[in-house]
Amino acid sequence: MIDLKKSIILKKDLGGEMVRGLLVVLSLLLLGLQGCAPKAVDFEQTSPKEKIVLTFSHVVSDASPKGRAARLWADLVYQRSGGRVEIKIYPNGTLYKDGEELEALKKGYVQIIAPATSKLTSLDSRWGVFDLPFFFNDLEQVHQLADGPVGELLRKSMREKGIEVLAYWDNGFKILTADRPLENLKDFQGLKIRIMDSPILKKQFLKLGAIPVPLSFNEVFEALENKKVNGGENTPSNLYSKKFYQLQSYVTISNHGYLGYAVLMNRDYFNSLDQETRKILLDTLKEVTAWQRKIALEQNAADLARIRNDQNIKIHDLTPEEKEAWQAVLKPLAYEIIPLFPKNLQSEILKIGNLN
Ligand code: LMR
């Protein structure tokens, strides 16, 4: 015999299950849509305005100049918008790695990334101008290039590809690490050196007789540990924060090339933001950029001092003669990039950089 009471309870439970199931499906749908929809809406906010959540993915440590600036930007934007605009930061490649993040940005899965300019050469090879070895004497020259018409041309080129360049951030000048001393040109023969994927960086090491190995940032530690590569080039802050230098016995203070970033936002997303939000984001970013450039310089100096203090590392400062020999081989790479710019900008680049 059917127990009517039980059957009603059962029906009720089933109803509950169905509602719960529907809610799960709806939440999943909403989560899925977040990947494509530009704005996340927090329905619990009491404010009549929409809450805006932007995801910022990057590959380095929170303690690096890029990581610190990302945090400061997020904190200030949150404060200044009264909690309405939130930038959620995913450092260390936890969300997207090199080789994934540009695609994720273009598809709108993430709203902000800040890759090294070297990694943008896959979209426009003229980004390679920042990679030119021994071309910049100091960061001021790099800023002149980034903040002037050359930086503007690169912004325009990215805009056409659906990406907005919001700022240019520094890391600093690169030094070399290896499992043997790198002093004379012949020392590079046959060495496998990790590079960021950029044609100029590839040519730089080919010219030195080494074997360039493009690897994404998150693969470097393991590649050094397993001797898949003999060495690499990076800034003191990256070498220190990721402990790469501890896997190497020799460091050459070459300061041969620059490493910096473009802070990028998906263009459709940028255009979809209201005027007030855009202003808070950009005004704050301007201030943060000035601060970022200052602390990047300081942190690289401090991290270099820490590396120098490590008893297990042998440090070599390039002598003027060695530097001259390296420059003679590497400086001509500028002629492979500069002709790619319009005539008026070619002379601009030559005015800033140092070819002699
Ligand atoms: C690298 O790949 O070595 C750097 O671009 C990482 C970074 O973002 O500083």
Side-chain angles (χ1 to χ4, degrees), residues 56-71 73 89-102 104-105 110 112-123 127-128 130-133 139 142 146 165-178 192-202 204-205 212-225 228-248 251 254-264 289 292-293 295-297 299-300 303-304 307:
F56 184 164
S57 168
H58 69 78
V59 300
V60 290
S61 149
D62 255 338
S64 66
K66 175 162 60 181
R68 290 167 65 195
R71 291 270 168 221
W73 188 30
I89 298 164
Y90 293 84
N92 298 311
T94 44
L95 198 58
Y96 294 107
K97 302 184 188 356
D98 283 345
E100 298 172 350
E101 58 177 19
L102 258 178
L105 184 81
V110 61
I112 310 165
I113 60 172
T117 50
S118 319
K119 295 170 189 171
L120 300 176
T121 52
S122 61
L123 293 181
W127 281 103
F130 289 104
D131 288 332
L132 290 178
L139 291 173
V142 178
V165 178
L166 303 184
Y168 289 105
W169 284 357
D170 281 336
N171 191 320
F173 284 95
K174 293 175 285 185
I175 57 178
L176 287 153
T177 66
K192 289 194 189 131
I193 306 278
R194 179 269 168 168
I195 57 161
M196 296 181 277
D197 203 357
S198 143
I200 288 292
L201 300 181
K202 205 171 279 174
Q204 169 183 277
F205 285 108
V213 182
L215 287 176
S216 68
F217 191 60
N218 68 302
E219 294 172 305
V220 179
F221 192 93
E222 205 188 318
L224 289 170
E225 198 172 38
K228 193 174 158 195
V229 292
N230 305 98
E233 54 164 13
N234 224 313
T235 58
S237 66
N238 275 347
L239 292 169
Y240 187 77
S241 60
K242 289 292 173 191
K243 310 215 180 334
F244 297 157
Y245 75 102
Q246 290 182 355
L247 300 167
Q248 303 263 264
V251 170
S254 49
N255 293 322
H256 59 283
Y258 170 77
L259 194 164
Y261 310 108
V263 182
L264 309 177
T289 297
Q292 197 277 341
R293 289 176 174 185
I295 61 118
L297 186 65
Q299 188 170 341
N300 276 303
D303 287 342
L304 179 59
I307 294 171

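Whatever order the structure lists ligands and atoms in, that order sets their numbers, starting from 1.
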| query | What residues form a side-chain contact (heavy atoms from CB on, under 4.5 Å) with Leu95, not counting sequence neighbours? | reply | Thr55, Ser57, Tyr90
| query | How would you list, by chain and number, every residue that makes a salt bridge (charged side-chain N to carboxylate O under 4.0 Å, His left out) with Glu233, sequence neighbours excluded? | reply | Lys174
| query | Got a second to check how far Phe217's CZ is from Arg194's CZ, nearest 0.5 Å? | reply | 7.0 Å
| message | For the CG atom of Leu224 and the NZ atom of Lys243, what is their distance to the nearest 0.5 Å? | response | 14.5 Å
Starting from the N and O atoms of ligand 1, find every protein N or O within less than 3.5 Å and list the pair with its distance.
unit_1	atom_1	unit_2	atom_2	d
ligand 1	2 (O)	Lys119	NZ	2.8
ligand 1	2 (O)	Arg194	NH2	2.9
ligand 1	3 (O)	Arg194	NH1	2.8
ligand 1	3 (O)	Asn234	ND2	2.9
ligand 1	5 (O)	Lys119	NZ	2.9
ligand 1	8 (O)	Lys66	NZ	2.7
ligand 1	9 (O)	Asn238	ND2	2.9
ligand 1	9 (O)	Tyr261	OH	2.5

| With sequence neighbours excluded, what pairs up with Asp197 under the side-chain contact (heavy atoms from CB on, under 4.5 Å) test? | Lys202, Pro214
| query | With side chains defined as the heavy atoms from C-beta onward, is the minimum distance between Leu139 and Tyr258 less than 4.5 Å? | reply | yes
